[in-house]
Structure formats: C-alpha cells, structure tokens
Amino acid sequence: MSSETHAWWKEAVIYQIYPRSFADSNGDGIGDLNGITAHLDYLAKLGIDVIWLSPIYESPNDDNGYDISDYRNIMAEFGTMEDFDRLLAEAHKRNIRIVMDLVVNHTSDEHPWFIESRKSKDNPYRDYYIWRDPTETGEAPNHWESCFSGSAWQYDDLTGQYYLHCFSRKQPDLNWENSKVREEVFDLMDWWCRKGIDGFRMDVISMISKDQSFPDGPLNADGYSDMFSHVCNGPRVHEYLQEMNRRVLSKYDLLTVGEAAGVTVEEAKKYANSDGTELGMVFHFEHTDGAANSDAVWGKWTCTPPKLSYVRKILNKWQLELEGKAWGSLYWDNHDQPRVVSRFGNDSPKWREKSAKMLATVLHLQKGTPYIYQGEEIGMTNRHFSSLADCVDIEEKNAWQQLVVEQKIMDGKVMLSCFDCVGRDNARTPMQWDDTANAGFTTGEPWLAVNPNYPVINVKAALADKQSVFYYYQRLIALRHTLPIVVYGRFKPLLEDSEEIYAYQRILGEQVLVVAANWTDKEVPCDLFVGDQDEELISNYDTHKAGFLQPYEARVVRKSR
Ligand code: TEU
Ligand code: CA
C-alpha cells in the first residue's frame, strides 16, 4: 500500500446536489429535501458514498441559498428540520454520508447579525462585518470589483459608512478578524456536527482573511480594480483554519473540502496538508476558470472551449505537485460551472454519450476524491439562452447590466453566447428524471425552465440502456471501490505533447494502469495498447482498432511492471 495515510474520504465518490433543481416533492416547482430522500435509492444504485448538499439553510435566495439568514433552520421552500433529519437517517441507512455547504465568508443582509450591525456604529454586532468610511470625496474606500459585478462596497446612509461584499450587496462579508465571529462560526459548525452530519464543503473559504489595508490597484477598462488578489489566501487564512480545526474539525471524522477561489498549488499544500491541521482537500479553479483561458472575452466570459493542452497541463501539474504532500479533489462540474459534456466534450447527438464517458474516464482514474454533479452521470448538457429573460442567475444578470447595458464593453449577442458556454444557469436546469412533463422534476411550474432535450436525456432512459452514461459512471465508481491503485496509485503523465490524446499511468507496487482518451471526433494513432496481454478494465467502445483510438475513445488497461 502507498505510504499515504488512508481515510474514508480519500476512497469515496461524492455526488453534489443543488436541492433547488434536484426533485420537487410537493408540486411548488422548487426542489426540496423530501424530493432528495425519495431518490436516495437511485444514488445508492449509482454507488456514490457521499452527498454534498448545496446550502439548505434559511435564505432570501438572492444567490440561491449562498446568502444565509439563519444557519440553524432549513429554508422553508426546501422543507423542515424534521425533513432534514429524515434525509440524514435514510441516507445513513444506505451508507451514504451527508456533507453540508458551509457559507461563512458572508451572510445574507437579512441575517440578524447584519440587521443589528447596520443599526449604529457602536452596536455590539458592528464589527461582525467590514465597515469603512468613505474617502474625502465620499467615494467607496477603494475600487474593488465584486465577483458579481459593480463595486464591492455598498454605502449605508444610516451610519454613513460602506460595507464590503465580495459577492452581491445582499451578501455582506463577515469580519473574521473579530474573534466573536469565529466563535459564532465554530459554534454553528459544532451544532451541525452534533446532529450527525459527515462534513463540510466550505464556500470561498480562501477569502475569509482580507488584507486589512484594503489596498487599491490600477483600474481596469470597467473602472474597477482587482479585488481577488487582496482577498484570496489572505494573511491569516491558515491561522483561522487551524483554529477551526482545533475547535471543531478535529473532534469529528469529517470530510472537509475548501472551495478555494484563487488557490495555487503551493497554497493548496497548506490548506490540505497531510498533517491534517486544516482541511482534507480543496477545489481549485485553474481548469474551469474561463478567465485564464486566453480566448476569454471579458473576465470569466468566454465562448470558446479550452484546448486539451490547456486542461492537461493544469490537471497534470496538480496531480504531480500534490503527490505525497496534500490530497486533491477531482471535478469537471458543479452548480457554478457549465455542463462538462458541453464545455469540454461534444454534446451533439452523435458524440454526447461517447465524449461524456471519455471525460469521466479521464477524471475518475486520476488521484484524488472525485465529485459528480447532479445530472453529469446521465450526460446532461448546457441549455440555449435566447434572451436575458432566460437568465435567473445573479452573476449573469449583474454582468449583463454592467457590461452590456451600462458600460457597453460587450455586445448583447456575444454575452448571450458566453452565457450559452459558461453561464451558471446551465448547471441549474432541473434534473431530468423521465420524459413526462417537466422531466418528472415537478408537477408544478419549474422555478427554472427544464432543458428541452429532456425527452431524450433523462434518468429513466439511462436506467433502461445498459450502454448509458449512467452505467459507465457506475462502473468507474466500482473500480475506485475495488482497486486500491485507483485511489492510491502514483500518477505519471504520458504523451504530454499530444493535441488529441490525454494519457497517463497510475502505479502502485508492481501494478500499472494505462489510461488513454481521444479528446477529438477523429480517429487518431495510438500505440499504447499494442499487444493483448493487458487486462482491459473499462472502455467506452466494445471493439478497438489496433494502433488507433476511435473518436472520443477512452481505454483503461492494467499491466504488471
Ligand atoms: O462560488 C465562489 C466563486 O468564486 C464563484 O463566484 C465562481 O467562481 C463563479 O461563480 C464562477 O463562474 C461560491 C459558490 O459556489 C457560488 O455559487 C456563490 O455564488 C458564491 O460562492 C458566493 O457564495
Ligand atoms: Ca418543492
């Protein structure tokens, strides 16, 4: 076995549920907890070990639950605490663990703490948030731009100060410099752990420590300056997480994954260090952040798929750099990202399933804990945005208002094609259960339109087709559960200059896995599988052409060294 310490969360496969869009049990058009409970057997059949629930706490839903107004109550639209307790118990009966989404970089502006804080400068809760005076000319303290467009500072005329919000103005940032804030957070975390949950996904946890000088910087063409470099991986972030670990995490056997916006590999080695003094693993965004892709039109907004060489360079770097130093997460999709088969694969009717299975192979045979986002396992695709009326996501709407309407930096048609490519609503269309009205998601009016391709792409059709993407994911998960080399094997890149094939090895003791995937819709030469002495573990083709990989063909073989 590898020298690495073993842990249940290193051997697990995680399934992310966006509750609003998963399953509606009471016909109000909004997914809910009882809808999840009703589909636990489906998830057990897939073989996943953990469900990560996007936020289910009380929220005004300015950012669909990522703006929390009460951490100890369930959002009324999602159900009651009894519904949660039942979901937790039913999941545990099926050996499925539940991980909660912890959003403590900010709260909702409707949280009692903020309602108090904004009342007066000497209110006991004032310093729970980040308030600063205007400049002499009455402007915001600096030109930082929010992640959701516009200034990151909101003026509050009751007390004549600005408060910081890295996201929407209804998501004021908590002041982690204040030990009372840290106490409150550790207390609510412990409260959920005592209820028996199995871990936390920590929303933008890399942003909880800001540079207290709030430095300004050069202005971009939109008149704002970069905030990210001053709020990500800040001066006290590791101190805070080590305190969190001592006070809460170390008392329980939890999965902890930090959503670490702006994290580098070097920083990840601290957040997810193998001493276990902070978190178990982190999500990075290098392969999914459109902004870094040279074809980006503005910020994250791009309408061109990233090249294989771009993606492989990033994923291989993380595989090699974390080896033996820190544990990693593996994902293509989440509720903020476009659908993987549309973004990185080919969602045409001809190639959708082949390329979905190919992408799944590339990811699930790598080292780290893999995450499956709801609908990824049946090859759900992006939807088409024909107008702004199709958009409900605050990030999209704010970007349209600033870049298209106010500043005219982007043309509306280009912006819509960027929404088609990378808009967050792509991931939030309702789960497609069957070919009945609204894909079986609701008997009411869905809060967000169902993708019109649901009659073809749905769970019922997938379960009836032994060659479906679903059963391929089921087999990949089974490989991880049965072969230690898939979990603990060392990663070794192959064919690093190929523009068509993503290939690598996994090595553990005398065993070697060879993984190769054709990223294109053309047949390409490949001599990695010559000779038939190797044992094929999985492929998305039943037959092979010696010396070639067929369009979007993926193969995994086991050989001895
Ligand atoms: O996302 C953090 C974040 O950086 C996102 O803004 C992401 O980079 C962007 O949406 C990519 O297009 C977390 C949550 O996952 C997201 O849903 C929330 O909106 C955000 O924090 C604020 O809580
Ligand atoms: Ca409902």
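Nothing here was measured: the structure is a model prediction, and the numbers come from that model. Note that ligands are numbered from 1 as they come in the structure, with each ligand's atoms numbered from 1 the same way.
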Parallel, tilted or perpendicular: which fits the ring planes of Tyr57 and Tyr71, with parallel below 30° and perpendicular above 60°?
-> tilted

Do you see a donor-acceptor pair shorter than 3.5 Å between the side chains of Tyr129 and Thr107?
-> yes

If you count only heavy atoms, which residues are under 4.0 Å from ligand 1?
-> Asp63, Tyr66, His106, Phe148, Phe167, Gln171, Arg201, Asp203, Val204, Glu259, Lys300, His335, Asp336, Glu395, Arg424, Arg428

Any cation-pi pair here, Arg20 with Trp447, using under 6.0 Å and within 45°?
-> yes

In terms of ring plane angle, is the pair His335 and Tyr373 parallel, tilted or perpendicular, where the classes change at 30° and 60°?
-> tilted

Stacked cation flag Arg343 on Trp332, 6.0 angstrom / 45 deg | no

Would you call the rings of Tyr163 and Phe114 parallel, tilted or perpendicular if under 30° counts as parallel and over 60° as perpendicular?
-> perpendicular

Donor-acceptor contact present, side-chain Thr442 to main-chain Glu445, <3.5 Å = no

Reference residue Trp52; test ring-ring contact (aromatic ring centres under 6.0 Å, His included); the match among Phe283, Tyr331, Tyr18, Phe200 = Phe283

Cation over ring, Arg383 on Phe385, under 6.0 Å and within 45°?
-> yes

Taking the Ca ion (ligand 2) as the center, what protein N, O or S atoms are found at less than 3.0 Å?
-> Asp24 OD1, Asn26 OD1, Asp28 OD1, Ile30 O, Asp32 OD2

